[in-house]
> 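Please see the structure below; I have some questions.
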Amino acid sequence: MAKTKTLFFCQNCGHESPKWMGRCPACQQWNTFVEEVVVKSPRQGGSADLTKPLLLQEIDSAGQYRIITPDEELNRVLGGGIVPGSMVLIGGEPGIGKSTLLLQLALRFNGVKILYVSGEESGRQIKMRAERLPGKTSANIHVFTETQTQSVLKVSRELAPALVIIDSIQTLYSDLLDSAPGSIAQVRQCTAELMRFAKETATPVLLIGHITKDGSLAGPKVLEHMVDTVLQFEGDQHLAYRILRTTKNRFGSTAELGIYEMRSTGLREVSNPSEILISQKDGPVSGTTIAATLEGNRPLLIEVQSLVSPASYGTPQRSSTGVDHKRLNMLLAVLEKRCGYRMGQHDVFVNLAGGLKMEDPALDLSLCVSLVSSLEELPVPEKYCFAAEIGLGGELRAVNRIEQRIAEAARLGFEKMYVSRFSLRPESLTEGTLQVKSFGKLTEVFRDLFG
Ligand code: TYD
Ligand code: MG
């Protein structure tokens, strides 16, 4: 086979060179040269087979149905199922459970023909893992341990599976390039070849991608641009909960979240997360409150814990897990300045249950109450929850979709919920056994709670 011509291009300015160089002579940047395949002859055919622009009304959308997977959480983050011909990238740290997630998905697809390409594990290893997982009754999975993209594509075309899973994109290499597998050039080339296959045959392709130390997907950013959907699988290695988050989705919202629990028998979908994010304990503990948050479209009641104790060694410490550090500092300043609590001389530790990270501003009120509760050693009753953003003036601000948060709190049997006066018109309302109270200022909340 004649070798395809490759050239090196600077990723910064586009300068082209027949060999690799450390520094670009044009833009003087270091380490920007990447190997690329050059197509020599332009495609035959001329202008006759050029596609014409179509009126939007004329375009047939009937093909955009979705493949509903057996995994509810995955359907949710994908925006309702897999779109045929789409390419989904699942990124995550080593050992987080990416292979488990996709193998389990394949096993649960009863009877559907699936091609599982693995460049990381041997067939036997995959078999051993599969035996531990549930749902293998009538699985129709073809395991292919191969790392050459061309043969993967050849097999894919012959087998015509309903779904192709690639574990992982970094182990694949294309014959057209000399670069090593996992290099930027290879990752990009292999993705492009798989992409063409996916679009031509309308077969969805799920790719597993490794993550680098700094938390970004290994390989060029262009990989994320190429695929249709990017999912991030994250969680603490030592905790059982895993979160599947959408960071890009051409076919749905990016606000959705899937939650799993890693067990000895694989990943279990957690369809009612509020119940696990609130720890079981005997009686109320100071510094612990419940926030009524929203992740995507899903209301989530989550436990916020604070520990405020006198700083005995010089500079007070500020430490937070799961909540933004800057936000915590701001709230501490508001408590100090607007409410008169002396936080300056105390160490402050804040933690969100379940290893979750949250950015919902509705956490603010719950955080403030938990800080004061710990400082003053005044426990908050267990059946109380909070949802409001705090402004720099110590005022309670409205948060979005308050009805949904109230409904979830009521469903879980909470007794009182504190919200902003601007979220809710009537000052107080009851929903089932839940009493919703609204306030304008942080100080009013503290007076109501702690007297
Ligand atoms: P894996 O899917 O291999 O991670 P990745 O592909 O993201 O690198 O999952 C690895 C971890 O999952 C491993 O440390 C053991 C754990 N695990 C379980 O706890 N239960 C199981 O049933 C399986 C298959 C794995
Ligand atoms: Mg793996």
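Numbering of ligands and ligand atoms starts at 1, following listing order.
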> In terms of atom number and element, which parts of ligand 1 are under 4.0 angstrom from non-hydrogen atoms of Arg263?
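Heavy-atom distances to Arg263 below 4.0 Å select 18 (C), 19 (O), 20 (N), 21 (C), 22 (O).
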> Could you say whether the N/O atoms of Gly97 and ligand 1 ever approach to under 3.5 Å?
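Min N/O separation from ligand 1 is below 3.5 Å for Gly97.
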> Taking atom types as modelled, find out whether Ser174 and Gln150 have a side-chain donor-acceptor pair closer than 3.5 angstrom.
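There is such a pair (donor and acceptor under 3.5 Å, judged by atom type) between the side chains of Ser174 and Gln150.
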> Please determine, by modelled atom types, if Ser366 and Thr289 share a side-chain donor-acceptor pair under 3.5 angstrom.
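Short answer, yes.
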> Within a distance under 4.0 Å of any heavy atom of Ser264, pick out the atoms of ligand 1 and give their elements.
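Heavy-atom distances to Ser264 below 4.0 Å select 20 (N), 21 (C), 22 (O).
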> Nearest non-hydrogen contact with atom 7 (O) of ligand 1 belongs to which option: Lys98, Arg132, Gln104, His210?
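Heavy atom nearest to atom 7 (O) of ligand 1 belongs to Lys98.
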> Going by the closest heavy atom to atom 1 (P) of ligand 1, which one wins out of Glu261, Arg129, Gln125?
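Nearest heavy atom to atom 1 (P) of ligand 1 lies in Arg129.
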> Within the side chain of Lys416, is there an N or O that forms a donor-acceptor pair under 3.5 Å with the backbone of Cys385?
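No, Lys416 side chain to Cys385 backbone: no donor-acceptor pair under 3.5 Å.
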> Only heavy atoms of Thr265, strictly under 4.0 Å: list the atoms of ligand 1 that pass.
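Atoms satisfying the 4.0 Å criterion: 22 (O).
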> For the side chain of Asn75 and the backbone of Ile68, is there at least one donor-acceptor N/O pair under 3.5 Å apart?
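Judged by distance alone, no pair lies under 3.5 Å.
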> Looking at non-hydrogen atoms alone, which of Arg268, Glu121, Met262 comes nearest to atom 17 (N) of ligand 1?
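Result: the heavy atom closest to atom 17 (N) of ligand 1 is in Met262.
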> Taking the side chain as everything from C-beta on, heavy atoms only, tell me whether Pro316 gets closer than 4.5 Å to Arg318.
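They are in contact (side-chain heavy atoms under 4.5 Å apart), so the answer is yes.
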> Pull up every protein N/O/S atom sitting under 2.8 Å from the Mg ion (ligand 2), skipping waters.
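Those protein N, O or S atoms (cut-off: under 2.8 Å from the Mg ion (ligand 2)) are Ser99 OG.
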> Quick check on contacts: which atoms of ligand 1 are under 4.0 angstrom from a heavy atom of Pro94?
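In order of numbering, the contacting atoms are 8 (O).
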> Once the angle between the rings of Tyr418 and Phe386 is folded into 0 to 90°, is it parallel (under 30°), tilted (30 to 60°) or perpendicular (over 60°)?
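If you compare the ring of Tyr418 with that of Phe386, the planes turn out parallel.
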> Looking only at non-hydrogen atoms, find the nearest pair between Ile390 and Met330 and report the distance.
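In terms of heavy atoms, the two residues are closest at O-CE, 3.7 Å.
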> Do side-chain atoms of Arg66 reach the backbone of Leu78 as a donor and acceptor pair under 3.5 angstrom?
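Present.
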> Compute the minimum heavy-atom distance from Gly92 to ligand 1 and say whether it is under 4.0 Å.
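Contact check Gly92 vs ligand 1: negative.
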> Taking the six-membered ring of Phe414, is NZ or CZ of Lys383 closer than 6.0 Å to its centre and within 45° of its axis?
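Verdict for Phe414: a cation-pi partner in Lys383.
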> Walk me through whether Arg405 and Asp360 qualify under salt bridge (Lys or Arg N to Asp or Glu O under 4.0 Å).
CA-CA 12 Å; Arg405 301 174 197 259; Asp360 187 358; 2.8 Å; yes
> Any heavy-atom pair between the side chains of Leu244 and Leu257 that's under 4.5 Å?
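Not in contact.
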> For atom 9 (O) of ligand 1, which candidate among Thr100, Ile208, Asp167, Leu101 provides the closest heavy atom?
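When every heavy atom of Thr100, Ile208, Asp167, Leu101 is considered, Thr100 comes closest to atom 9 (O) of ligand 1.
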